[in-house]
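Data block below; observations after.
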Amino acid sequence: MAADPVYEVFALRYAHHPRSAKENFVGGDPHDGPMPLDYFVWLLRGGGQEVVVDTGFSAAIAAKRGREYLRCPSEGLKLLGTDVRTVRDVVITHLHYDHVGNFDVFPAASFHLQDLEMRYATGRHMCHELFRGAFEVEDVVGMVRSVYAGRVRFHDGDTELAPGVSLHLVGGHTMGLQVVRVRTARGWVVLASDASHYYANMEQGRPYPIVHSLGDMVEGWRRVHNLADSPAHVVPGHDPLVMTRYPAPTRELEGIAVRLDVAPRA
Ligand SMILES: [Zn+2]
């Protein structure tokens, strides 16, 4: 019998936002100073298949929201040798504007989404600006269209996507946020997405201020650590430190992508 596959895992940085630390913690930050935020999508490659995690925003949305756009995530994936037209599995961790969109660049994909996330993005919570502010209605409508096109695979809780790849409902930041656990040569890595934007959120117990359920967010930090082989196996969703702790796959990809399936620098 073939051995269980291990995966190469890549983080692709596609946009950037200069901001200050007080924006990144509930209650602000007593030592307020610059604390920029990076935007990522992720790629898993192993066992003869590729899984893309999140699809990112477009240049138009970057302009609308004042974000520094480095490249379309699909361009980054091409630099990694991925043919985005043939990718079959795209995990959407949640439906916030920076994690979903660009539907047209993945014409062959099914989108893996939690039931609770669609309920959240289309239900009563969106009557409140507090909760809908990080959603783009066209992204949500795009996902509804994808449902009617037979292209959404709904999950209710934890599920195995493929041998060595599983999805886990965490919630907290949004009602249906899911994280991805993947087997690598260094053990089980967890892509926490916005279960923790920065290392500091989970390591210092200081929540990020965009939150649906604070209780679920705090419990989610414990959850992602339980799913990972060590704290060094948990990858936060927006931390620029990811780009310095992990190595680029090649010299040409310095500053564009890093390998998460190799141990981070201490
Ligand atoms: Zn995000």
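Start at 1 and go down the list; that is how both ligands and their atoms are numbered.
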Please work out whether the ring planes of Trp42 and His99 are parallel, tilted or perpendicular, with thresholds of 30° and 60°. parallel
Test item: side-chain donor near acceptor, His94 and Asp194, under 3.5 Å: yes
Identify which protein N/O/S atoms are less than 2.8 Å from the Zn ion (ligand 1). Asp98 OD2, His99 NE2, Asp194 OD2, His238 NE2
Under the side-chain hydrogen bond (donor to acceptor under 3.5 Å, both in side chains) rule, collect the residues that match up with Asp29, sequence neighbours excluded. Arg206
Quick check with a 6.0 Å cut-off and a 45 degree axis cone: is Arg183 positioned over the face of Tyr7's six-membered ring? no
Less than 6.0 angstrom from the centroid, inside 45 degrees of the normal: does Arg245 satisfy that with respect to the ring of Tyr199? yes
Can you find a side-chain donor-acceptor pair between His212 and His173 that sits under 3.5 Å? no
